Number of protein chains: 2
Amino acid sequence: MYLLIFILEMKGEQYTLKDLAKALNLSVSTVSRALRNHPDVNEATKKKVQQFAEEVEFQKNPIASGLRKHKTNAIGVIVPEIANYFFSQVIDGIQTIAYQAGYNVLICVSDESLEKEQAITKHLVNSRVDGLLVALSVETNHYEHFDFVNRKNVPLILIDRVTDQVPASTITTNNYEASFEAVEYLIHQGHRQIAHIAGPKGQTITRQRLQGYLDALKKHAIDIQEQLIESGGYTQEGGEACAKSFWTLGEKPEAIFAVNDRAAIGAMRFFKSVGVAIPDQMSIIGFNNNPMGEIIEPNLSTIVQPQFEMGASAAQLVLEQINQEEYTHQHLTLPSKLAIRKSTL
Amino acid sequence: MYLLIFILEMKGEQYTLKDLAKALNLSVSTVSRALRNHPDVNEATKKKVQQFAEEVEFQKNPIASGLRKHKTNAIGVIVPEIANYFFSQVIDGIQTIAYQAGYNVLICVSDESLEKEQAITKHLVNSRVDGLLVALSVETNHYEHFDFVNRKNVPLILIDRVTDQVPASTITTNNYEASFEAVEYLIHQGHRQIAHIAGPKGQTITRQRLQGYLDALKKHAIDIQEQLIESGGYTQEGGEACAKSFWTLGEKPEAIFAVNDRAAIGAMRFFKSVGVAIPDQMSIIGFNNNPMGEIIEPNLSTIVQPQFEMGASAAQLVLEQINQEEYTHQHLTLPSKLAIRKSTL
DNA sequence: AACGTTACCGAAAACGTTTGCAAAGAATAT
DNA sequence: ATATTCTTTGCAAACGTTTTCGGTAACGTT
């Protein structure tokens with residue numbers, strides 16, 4: 001037995017159940033059961049096995065186990081980009097929960113490309129992930145690749161960048177209400193000419209945040225002006241362009257609600273470059289609580305979302321679904337809230 | 001055969017080699033070989049098999065394959081934090097290369113904690129990753145957990161946050177030279193009282209960047225003043241505290257070289273808060289090219305590092321080592337360069 | 001006609017678990 | 001005393017590949 005240990009340690013290899021069984025004079029099956037605390041095995045032998053396994057630092061081979069149990073103990077994650085504060089926080093949340101539960105996380109980046117998203121989705125399913133978490137790319141406008149996921153019976157959760165076009169659970173924040181609140185805040189501050197830098201067309205987020213904007217105006221009987229709504233993508237450049245365009249208008253806006261902080265920051269940069277004072281001449285509210293908002297001057301008012309919790313909830317949910325034979329799709333909405341800083345008056 | 005297809009599709013299951021073999025009236029081994037383009041199999045049958053596999057979208061089970069080949073086709077990555085521009089870029093680079101090579105990436109976060117780093121290291125090795133990429137946590141001051149990695153013969157690459165205390169390949173940037181260049185730049189601009197916000201004690205990065213600072217001063221015959229060197233961690237708060245401390249000095253610095261952008265930004269915020277003009281009264285240079293540097297005003301001069309390439313090179317290297325029986329540790333140093341913006345005069 | 005090569009293929013044994021089933025022994029009930 | 005159950009264990013068959021070791025057929029060489 002100790003010779004065995006010695007040899008294996010020298011080879012840098014792992015013990016197997018067989019090794020333990022041989023050393024303990026038991027069968028492989030009892031050792032296996034003992035280690036998993038199966039009720040069928042005697043307490044005394046259980047203790048003996050577990051103790052010995054501990055002692056020699058036995059680690060069962062998850063590959064073999066996975067093969068037999070048809071599970072990999074891994075969940076796949078697809079995000080549009082990773083060098084992005086929002087998504088990296090989400091990933092952090094996913095990672096934390098998954099790690100605690102003994103699951104590994106396979107992270108992939110779609111790079112905002114539908115084609116890559118499709119390829120990666122297939123790849124992950126073929127890698128036999130036990131569950132899949134996805135934030136859709138901007139390009140994604142059809143969804144057959146997720147049919148594939150469903151056909152293979154792997155639980156799918158959409159995070160933040162969601163759609164109702166695919167049967168799946170979703171984790172989002174209350175985009176509509178938060179937007180409504182932000183715009184209403186601007187109205188309460190006395191603004192009437194309020195513009196909106198919208199997100200990419202077709203996105204659920206874009207639609208919901210726009211709707212919040214529209215309904216807030218409507219509630220306060222403010223006319224909706226088409227030229228005050230412009231789509232700028234999710235980027236700083238987009239925000240900059242929208243701001244520029246707004247500034248050519250005859251009746252210029254006094255306030256802007258942007259679909260996210262990057263766009264808001266782009267707008268701020270434009271206004272600064274042309275000498276428009278923020279917040280005196282122009283109030284701006286973003287969305288996301290990007291740390292850049294606390295660096296830029298004046299500090300950006302924004303809507304703070306619980307990114308980490310979104311990831312954590314998504315992970316939690318997918319783990320539940322993995323362990324259930326049957327489950328129904330859930331749609332969680334987490335609260336986000338307005339944080340007024342210095343870019344609004 | 002088509003009944004088979006039908007049944008499997010209905011069950012949402014995967015084909016196996018056995019299924020293909022049966023359908024094609026061949027043995028499992030030939031099918032396996034055909035799919036892997038083994039020379040031992042006739043071109044005609046090879047074509048037939050491959051075509052059929054394509055047709056029914058056969059995907060071999062990587063778990064089974066992994067079990068047999070003692071490989072998982074996965075590499076582990078440990079970073080101190082993920083919601084961090086530098087590391088998320090590195091991860092992006094790793095991810096890109098690994099994905100191309102058909103490898104999965106398991107990302108874990110040590111949260112700057114030695115304890116977590118140890119636990120994760122063990123976990124990943126026990127998950128049988130084929131290789132491991134690590135950026136050390138700040139707390140890491142002993143390294144036994146990596147002996148474990150080496151004993152199990154899994155290739156280990158240290159990225160950026162490295163040490164010479166563990167036998168492993170490393171990927172870094174030319175910290176010393178870049179720091180030297182930055183400080184020399186400040187000297188050329190006429191500054192003599194140059195302070196350094198250093199990194200956490202014990203870190204290789206801290207040591208190298210400090211040495212660059214020291215040697216630049218030495219070269220230009222400028223006395224080194226202990227009170228102009230202070231360790232501030234890698235954080236904004238740390239930078240802020242150091243700046244504050246420098247500002248209490250009788251002979252105040254005219255310029256600061258900071259170990260990274262976060263610290264530099266912290267310093268800038270302090271100086272702004274007390275009305276010290278940047279760059280007129282105080283020049284500042286950071287390190288990392290954090291996008292915040294282009295948001296803060298004045299825009300931060302910094303040293304730009306090829307983060308993505310660092311990740312990519314690390315991935316490339318570990319893949320090479322995975323596929324070699326014997327390999328020697330390599331130490332790659334990638335170039336980084338000074339980017340002068342508006343925070344220096 | 002006997003032998004050696006070569007090209008192709010299959011049987012079967014791995015890889016290290018998990019699990020259904022049987023079996024043996026102990027304990028309880030009849 | 002036998003019959004029944006319960007507890008504890010082991011056997012062996014999976015899981016889906018890869019790979020070793022032959023084996024067969026066809027061909028060319030003596």
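Lettering follows sequence order; numbering is per chain, from 1. Because the structure is a prediction, the values reported are computed rather than measured.
If you measure from atom CG of Leu17(A) to atom C1' of dC15(C), you get 13 Å, rounded to the nearest angstrom. Going from atom NZ of Lys71(A) over to atom P of dG16(C) covers 23 Å, rounded to whole Å. Between Arg33(B) atom CZ and dA7(C) atom P there is a gap of 15 Å when expressed in whole angstrom units. Separating the NZ atom of Lys69(A) from the P atom of dG20(C) is a distance of 13 Å, rounded to the nearest angstrom. Rounded to whole angstrom, the span from the CG atom of Asn73(A) across to the P atom of dT18(C) amounts to 11 Å. Residue Ile63(A) contributes atom CD1, which lies 11 Å from atom C1' of dT17(C) at whole-angstrom precision. The CD atom of Gln59(A) sits 10 Å away from the P atom of dT17(C) (whole-angstrom rounding). Rounding to whole angstrom units, OH of residue Tyr15(A) and P of dT17(C) are separated by 13 Å.
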Below 3.5 Å, can you tabulate the donor-acceptor pairs from side chains in residues 155-162 of chain A to any protein atom, sequence neighbours excluded?
residue	atom	partner	partner atom	Å
Arg161(A)	NH1	Glu112(A)	OE1	3.2
Arg161(A)	NH1	Leu136(A)	O	2.8
Arg161(A)	NH2	Glu112(A)	OE2	2.9

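Not counting sequence neighbours, Phe58(A) has no partner by the ring pair (Phe, Tyr, Trp, His ring centres under 6.0 Å) test. Every residue was checked against the salt bridge (Lys or Arg N to Asp or Glu O under 4.0 Å) condition with Lys48(A), not counting sequence neighbours, and none meets it. For Asp130(B), the side-chain hydrogen bond (donor to acceptor under 3.5 Å, both in side chains) partners are Thr72(B), not counting sequence neighbours.
Note on the helix from dA1(C)-dT30(D) to dT30(C)-dA1(D): terminal axis deviation equals 60°, with five pairs used at each end and the result rounded to 10°.
The side chain of Ser65(A) lies closest to dT18(C) when the candidates are dT18(D), dG10(C), dT18(C). Comparing dG10(C), dT17(C), dT9(D) by their nearest atom to the side chain of Phe58(A) picks out dT17(C). Closest approach to the Lys60(B) side chain among dT17(D), dT19(D), dC15(D) is made by dT17(D) (side chain taken as heavy atoms from C-beta onward).
Among residue pairs with one or both ends in residues 128-168 of chain A, none qualify as ring-ring contact (aromatic ring centres under 6.0 Å, His included); sequence neighbours excluded. The ring-ring contact (aromatic ring centres under 6.0 Å, His included) contacts involving residues 94-136 of chain B comprise Tyr99(A)-His123(B), His123(A)-Tyr99(B), where partners must be two or more places apart or lie in separate chains. The list of ring-ring contact (aromatic ring centres under 6.0 Å, His included) pairs with a residue in residues 22-43 of chain B, not counting sequence neighbours, is empty. Counting only residues at least two apart or on different chains, the salt bridge (charged side-chain N to carboxylate O under 4.0 Å, His left out) pairs with a member in residues 64-84 of chain B are Glu81(B)-Arg262(B).
Non-hydrogen atoms lying under 4.0 Å from DNA chain C are contributed by nothing in residues 123-132 of chain A. Of the residues in residues 35-51 of chain A, Arg36(A) come within less than 4.0 Å of DNA chain C through at least one heavy atom, sorted by number.
For dT17(D), the base has no donor-acceptor partner in the side chain of Arg68(B) [N/O atoms by modelled type, under 3.5 angstrom]. The base of dC15(C) does not come close enough to the side chain of Thr16(A) for any donor and acceptor atom to sit less than 3.5 Å apart.
Nearer the 5' end of DNA chain C, as judged by each residue's closest nucleotide, is the contact made by Leu26(B), out of Leu67(B) and Leu26(B).
Inspection of the Ser169(B) and Gln330(B) side chains reveals no N or O donor paired with an N or O acceptor under 3.5 Å.
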Under-3.5 Å N/O pairs linking protein and nucleotides 25-28 of chain D:
none

